[in-house]
J.: 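So that we are looking at the same thing, I have put the structure below in structure tokens.
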Amino acid sequence: MSAFDALMEHQSTTEALSSIAERLGWDQETVMPRGATEQRADEMAAIEAVLHERRADPRVGEWLDLAAGEAEDDEDRRMLELIGRDYRRATRIPARLAAELARATSLAQGIWAEARGNDDVGAFLPSLAEILMLKREEAGHLADSSAGAGALYDALLDDYEPGARADDISRLFDAMRPRLVRLRDDVMGAARQPETLRGHFPQETQLRLARQCATAFGYDWSRGRLDMAVHPFSSGRWQDSRITTRVVETDPFNCLYSTMHEVGHSSYELGIDSDYAFTILGRGVSLGVHESQSRIYENQIGRSRAFTGWLFERMSDAFNGLSVADADAFYGAVNRVSPGYIRTEADEVQYNLHVMMRFDLERDLIAGKIEPEHLEEAWNARFLADFGVAVNKPSNGVLQDVHWAVGLFGYFPTYALGNVYAGCLHQAMRAALPDLDTALSEGDASPAVEWLREQVQRHGALLPARELIEAASGMEVGPEPLLAYLEEKFGGIYGL
């Protein structure tokens, strides 16, 4: 057996084990008995130890050296590049640390959920302090010591958006923020204000509609399922990618648009070329690209005038009428801009401002400028400054997101990068599909889904993130398409 073939065989088993670990995480957040928390933490630590050992196996380094001359095409070379990257990162992280992180974050998920439910920040702080200590240690092992003050955060960011640097993201956000704030102020001060959808919307009916929406986006129910979770997410790959949602019986948009968002993530994984299954190419190339799929499904398609017209009819039938009179009023209600605490429920205008705040806070956490015991105070002060609203309870503030509980430091900025990528893709997609609205008005998102699958999803991790988006959209990545889309859309809704 050649070195290349031996390496691919080893990697295939590693990918399979990683998928199993992901399935354990899905189970923990959906159907696992609450009393199994300690056992699951030990199970996650055990499988992470095995995965770390495989990724750092000295034979991987030997195979990589020997296989360099055996690569036959760009796919082979890209696989060697990505495996080499994972190998270098794994060999820098002690096995003890990888297992400790897996156990600590597994335990913290349940502690966070209970603390969030009780609005008790103090109950979560010891877990957060432990995770932050471990993530700082991890970053120290991974960081380029010559890279300056931001090296620790960049090392963590690189795990989610390879090649990205915090200083570049900060400049991007600084360029976006003034236009987003100006647009928010303009729409909130406009004379024309959309109605708010009001009423009681039973859970089972919402879930039935959520399934209809997922079907409209071509979600493959033979390879997926919909469940409930505290914080909506998707999980899985290849032939098994599952989605979750949550229900608020006074706000059906929470459930429906969380579902569309997660369908975007899941469809990306299910849309990857089947030849890449059990290889390192058989995954989304970055969290930013992943988020581009979820956000374009949820927003540019799901909140479009054409698709909301179809959804208005379905919801009117399901709930025996709605508080808004017609499809135009419903379109305004779906896209209404209003003060709110929750990132996942934020309108398109303000969503990136929520992300920017978290990006700054977590950079300060990793740098030691903020310690866990002062995080709530820092969060509340920043939220008031950015949004002009005082946080009323921790579940609407520092406890609302699960990310820090599971150690995802460096993840938040990829949400806004995903929106920037989605802006580029949407502009190109509309040019390629001039009749898209006709299909969307009939509840058929397949032209958009097929375009995204062909241009983005099928490639998996074959191309680096920016290269993939630029090839798909035919333009250099930048914020202008997103900002122009937002200004045109909300200017029309609010009569600006």
Side-chain angles (χ1 to χ4, degrees), residues 108-129 132 177 180-181 183-185 187-190 193-201 203 206 228-233 245-258 261 323 333-362 364-365 370-406 408 411-412 415-416:
Q109 288 182 56
I111 294 169
W112 163 80
E114 187 169 347
R116 182 179 182 273
N118 295 330
D119 281 306
D120 184 359
V121 175
F124 176 58
L125 286 181
S127 295
L128 178 60
L132 182 58
R177 188 180 286 107
L180 291 172
V181 170
L183 179 59
R184 179 188 64 186
D185 292 347
V187 299
M188 286 189 176
Q193 291 290 321
E195 297 178 56
T196 300
L197 186 67
R198 303 186 186 280
H200 177 256
F201 306 91
Q203 175 172 307
Q206 286 196 45
M228 300 278 284
V230 174
H231 191 110
F233 68 99
T245 192
R246 64 182 172 203
V247 170
V248 178
E249 294 201 337
T250 57
D251 178 15
F253 297 150
N254 192 313
C255 172
L256 298 180
Y257 284 95
S258 290
H261 181 99
S323 64
V334 167
N335 291 288
R336 189 170 185 270
V337 178
S338 60
Y341 301 109
I342 306 299
R343 173 187 59 85
T344 57
E345 299 169 12
D347 53 78
E348 289 181 84
V349 174
Q350 298 185 91
Y351 183 89
N352 292 301
L353 299 174
H354 285 267
V355 172
M356 292 171 188
M357 185 189 88
R358 287 157 175 76
F359 169 65
D360 290 340
L361 289 173
E362 71 176 13
D364 286 346
L365 281 166
I370 300 174
E371 294 298 338
E373 62 266 27
H374 303 302
L375 178 58
E376 183 181 19
E377 178 184 359
W379 177 292
N380 292 349
R382 177 64 186 268
F383 193 88
L384 181 61
D386 284 10
F387 296 92
V389 178
V391 175
N392 62 348
K393 57 183 179 179
S395 57
N396 281 337
V398 71
L399 290 180
Q400 67 177 269
D401 291 304
V402 72
H403 299 62
W404 293 334
V406 293
L408 300 180
Y411 192 120
F412 275 122
Y415 287 122

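Fair warning: this is a prediction, and the values are worked out from it, not measured in the lab.
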J.: Going through the distances and angles, do Thr344 and His261 end up as a side-chain contact (heavy atoms from CB on, under 4.5 Å)?
T.: CA-CA 10 Å; Thr344 57; His261 181 99; over 6 Å; no
J.: Minimum heavy-atom separation for Ala129 to Pro372, with atom names?
T.: CA-CG, 3.8 Å
J.: Is a donor on one side and an acceptor on the other found under 3.5 Å between the side chain of Gln206 and the backbone of Phe201?
T.: yes
J.: Let me confirm one number: the CG-CG distance from Leu128 to Leu365, rounded to the nearest 0.5 Å.
T.: 7.0 Å
J.: For Phe383 and Gly340, work out which heavy atoms get closest and say how close.
T.: CZ-O, 3.4 Å
J.: Do Ser323 and Glu195 come within less than 4.5 Å of each other through their side chains, counting heavy atoms only?
T.: no
J.: What's the separation between atom CD1 in Ile111 and atom CG in Asp120, rounded to the nearest 0.5 Å?
T.: 11.5 Å
J.: Where do Pro126 and Ala123 come nearest, in terms of heavy atoms and distance?
T.: CD-O, 3.9 Å
J.: In the structure I gave you, are the side-chain heavy atoms of Tyr257 and Glu345 within less than 4.5 Å of one another anywhere?
T.: no
J.: Among residues at least two apart in sequence or on other chains, which ones pass salt bridge (charged side-chain N to carboxylate O under 4.0 Å, His left out) with Glu348?
T.: Lys489
J.: Determine which pairs satisfy side-chain hydrogen bond (donor to acceptor under 3.5 Å, both in side chains) with at least one residue from residues 388-406, sequence neighbours left out, and list them in order.
T.: Asp119-Ser395, Arg343-Asp401, Arg358-Gln400, Arg358-Asp401, Glu362-Trp404, Asn392-Asn396, His403-Tyr415
J.: Does Gln350 reach the main-chain N or O of Ser338 with its side chain, forming a donor-acceptor pair under 3.5 Å?
T.: yes
J.: Compare every heavy atom of Phe124 with every heavy atom of Ala115, then report the nearest pair and how far apart it is.
T.: CB-CB, 3.9 Å
J.: Minimum heavy-atom separation for Leu361 and Ala378, please, with both atom names.
T.: CD2-CB, 4.1 Å
J.: Let me confirm one number: the CZ-CZ distance from Phe359 to Phe412, rounded to the nearest 0.5 Å.
T.: 12.5 Å
J.: Let me confirm one number: the CH2-CG distance from Trp379 to Leu399, rounded to the nearest 0.5 Å.
T.: 9.0 Å
J.: Rounded at 0.5 Å granularity, tell me how far CE in Met228 sits from OG1 in Thr245.
T.: 7.0 Å
J.: Take atom CD in Glu249; do more than 12 heavy atoms of anything else shown fall under 6.0 Å from it?
T.: yes
J.: Count the heavy atoms belonging to other residues, nucleotides or ligands that lie under 6.0 Å from CD of Glu114, then report whether that count exceeds 12.
T.: no
J.: Applying side-chain contact (heavy atoms from CB on, under 4.5 Å) to Leu353 and Asp386, what does each step give before you reach the verdict?
T.: CA-CA 8 Å; Leu353 299 174; Asp386 284 10; 5.8 Å; no
J.: Without swapping roles, check the side chain of Gln193 against the backbone of Val187 for a donor-acceptor pair under 3.5 Å.
T.: yes
J.: Could you measure the distance from the CZ atom of Arg336 to the CE atom of Met188? Nearest 0.5 Å is fine.
T.: 8.5 Å
J.: Residues two or more places apart in sequence or in another chain: which of them pass side chain to side chain donor-acceptor pair (under 3.5 Å) with Asn380?
T.: none
J.: For Val402 and Val230, what are the C-alpha separation, side-chain angles and deciding distance, and is it a side-chain contact (heavy atoms from CB on, under 4.5 Å)?
T.: CA-CA 9 Å; Val402 72; Val230 174; over 6 Å; no
J.: Verify side-chain contact (heavy atoms from CB on, under 4.5 Å) between Met356 and Leu180, making sure each step is shown before the conclusion.
T.: CA-CA 11 Å; Met356 292 171 188; Leu180 291 172; 3.9 Å; yes
J.: So which heavy atom on Tyr341 is nearest to which on Ala390, and how close?
T.: OH-O, 3.1 Å
J.: If we count only N and O atoms by modelled type, under 3.5 Å, do the side chains of Ser258 and Arg246 hold a donor and an acceptor together?
T.: no
